[in-house]
Amino acid sequence: MIKKKIILDIKKTLKKLNYKFDVNFTVEVPNIIEHGDFSTNVALLNAKKNKLKPREMAKNIIEVFSRKKDYKSAEVAGPGFINFRLSNSVYHKALVDIVKNKKKFGSSNYGKRKKVLLEFISANPTGPLNVVNARAGVYGDTLYRIMNFVGFKAFREFYVNDAGNQVDILAESLELRYRELHGEHLQEFPSEAYHGEYVKELAIKLNAIDGSKLFHIAEKDRFERMRDFALEEIHIMQVASLDKFGVKFDNWMSERKLRQEGILEEALSYLAEAHCTYEKDDAIWFSSTQFGDEKDRVLIKTDGNPTYLVPDIAYHLTKYQRGFDYIIDVLGPDHHGHVSKLKAAIEALKLDLNKLEVVYLQHINLLEDGEIVKMSKRTGSIVTMDDLIREVGRDAARYFFLNRKPSAHLDFDMDLAKKKSSENPVYYCQYAHARISSILKKAKKAKFDLKSFDIKFLKKLKQEDEINIIKKMLELPFVLIASAEHREPHRLAIYVHELAGMFHKYYAKFKVINENNLELSLSRLYLISTVKNVIAKSLGLMGISAPEKM
RNA sequence: GCGCCAGUAGCUCAGUUGGAUAGAGCAACGGAUUUCUAAUCCGUAGGCCAGGGGUUCGAAUCCCUUCUGGCGUGCCA
């Protein structure tokens, strides 16, 4: 919008002055406010071409600009930057545009309706979701919302590993607990089994339905009953946890279903057709070394069962078959060894490797009383997603996870997240929203009605803080595009915090409602109600509430 | 050994395609409330951007290298 106009104006000027130039110069908002509203490096990049010194070239450009009415000033700075200051009226108009855009402000067609598959969490269906899953959930969910808002067609998927070894162990664990209920005493609960309390609860629930009748059926049938019951119950449990966290999925892709539908065989046959498989030691191997892997990998084990790699290849095959333009896998840091094998397979299948992106979310340390809380799935001593939400609440949990870029390790300070005080950044943002609501309420009581507001009043907004707030709001569309583009929703979290901060400072410095100046008061009310909407919109995209009152 | 990720203030972290004087929050210290919500604001202090080299008008950012930490490197998933 404004930036585009400046670029255009610069180009026109360069042509007018008969300068040679490259089009890839930049126009950006400087970090330092004293450096003006916008800054360009056009003279730095093109001075050589025109046999001029950068400052000299900049000076000539400025002379033309100083005659344009939308520009308050243009000056040479540093080695040859040109800093522009725009007239307040330009920003006043922009503010009106934000309001006119209403709920659409910030959205764009950047994604061009491209189809995006976001796979995240994909935790094993063998227990409750943990805090790492929570981080992945918030990340994926927020990225989904942002991508859709900037014009992508995103789709959320959870891949359920409901086949394989770990599921057998789950069924066996349940059976042991079930037997315990019927008075059988175990010497020791096997170390590889699932120890969590939830297995005991499942046994109690199963017992309430089936009683002792499972002892009287065939072993195979009992095993299947155990397995299916556990999988179903745990799925329900996971959905419930996610629901509390505001995370939803468009599809739960079952590994068992993939197997039943013969996709594994399909993937294997494609690999065979591509001459990438061979038999050795009674196993079937994938010759992944020809795609840069260190060694070849087993696909079908000596016992005739596929390794985990096969269903994963098959699953990714379906991702490609479903016609997505971007395939994003959100994984834990312990998966990157696995991804190189998967990528080798995708190459072997002659699928477009560029479509596949892997985002690694780094580990989390939970801190309580300054100490790291140890987590172990095997011994059952995990902090679950439910625990976390119960402890710190949904808003704080989401904000804390979102406040970090995905590739960063995350220390989650439980004590800080629990605090309902100024130390807690999530309240800082929400408080700005609540504060504005409160002012608007008060204005209404004092008979300041925005209906009698007129655009002409906006010229009363002359304070630098006011113009800076408008500038900040104008950044939202770009922040969202950058968040989507780089798959980094944390940029939005940082943005809201900054905007909230600007409002708090403004609030402390200026009074919005002034009985003696109707036009100024209405203009300020107009401004802050826009700030309120932008904060609410941003928090909304992060799945965080924006309270009217705190 | 090889591969991936990271190293920025006492702590936790931001830092857009390379831009000008590297920023927040917390912790520390000193202030502000007869006022539209003090869950706030203002100020002070705090830095060899892990070390070294290179690329150029210009590097926390790109390249090379060394060091440190996490993770991976199964016919487990």
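All of these numbers come straight from a predicted model, not from anything done at the bench. Below, read A as the first sequence line, B as the second, and so on, with proteins coming before strands; counting in each chain starts at 1.
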Between the protein and nucleotides 41-45 of chain B, list every N/O to N/O distance that falls short of 3.5 Å.
{"unit_1": "B:C41", "atom_1": "OP1", "unit_2": "A:Tyr428", "atom_2": "OH", "d": "2.5"}

Which pairs, protein N/O on one side and nucleotides 4-7 of chain B N/O on the other, fall under 3.5 Å?
{"unit_1": "B:C5", "atom_1": "O2'", "unit_2": "A:Gln362", "atom_2": "NE2", "d": "3.4"}

Report each atom pair, protein N/O against N/O of nucleotides 58-63 of chain B, whose distance is under 3.5 angstrom.
none

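Pairs of residues two or more places apart, or lying in two chains, that qualify as salt bridge (charged side-chain N to carboxylate O under 4.0 Å, His left out) and include a residue from residues 285-300 of chain A are A:Asp293-A:Arg297.
Here A:Ala434 lies in heavy-atom contact (under 4.0 Å) with a base.
Applying the 3.5 Å distance criterion, the base of B:A20 shares a donor-acceptor pair with the side chain of A:Asn83. Judged by distance alone with a 3.5 Å cut-off, a donor-acceptor contact links the side chain of A:Thr302 to the base of B:C75. Judged by atom type and distance alone, A:Thr307 does not reach the base of B:A77 through any side-chain donor-acceptor pair under 3.5 Å. On a pure distance criterion of 3.5 Å, no polar donor-acceptor pair joins the side chain of A:Tyr427 and the base of B:A39.
Here the options are A:Leu299, A:Ile284, A:Leu271, the test is side chain to side chain contact (heavy atoms under 4.5 Å, CB included), and the partner is A:Val310; only A:Leu299 passes.
For an aromatic pair to be called close, the ring centres must be under 6.0 Å apart, and A:His335 with A:Tyr360 fails this.
A:Lys442 has a side-chain polar atom (N or O) that falls below the 4.0 Å cut-off from OP1 or OP2 of B:C36. Between A:Lys280 and B:C75 there is no side-chain polar atom (N or O) within less than 4.0 angstrom of OP1 or OP2. A close approach under 4.0 Å does not occur between any side-chain nitrogen or oxygen of A:Lys444 and OP1 or OP2 of B:C36.
For B:U44 and B:A39, the C1' atoms lie 24 Å apart once the distance is rounded to whole Å. For the C1' atoms, the distance from B:A60 to B:G18 is 11 Å, rounded to whole Å.
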Going by atom type alone, with no hydrogens or angles, which donor-acceptor pairs under 3.5 Å involve a side-chain atom of residues 436-446 of chain A and a protein atom two or more places apart or on another chain?
{"unit_1": "A:Ser437", "atom_1": "OG", "unit_2": "A:His433", "atom_2": "O", "d": "2.9"}
{"unit_1": "A:Ser437", "atom_1": "OG", "unit_2": "A:Glu548", "atom_2": "OE1", "d": "3.1"}

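Checking B:C75, B:G74, B:G15 against every side-chain atom of A:Val298, the shortest atom distance belongs to B:C75.
Judged by distance alone, the side chains of A:His235 and A:Asp162 never bring a donor and an acceptor atom under 3.5 Å apart.
Using a 4.0 Å cutoff on non-hydrogen atoms, the parts of residues 283-292 of chain A near RNA chain B are A:Ala283, A:Trp285, ordered by number.
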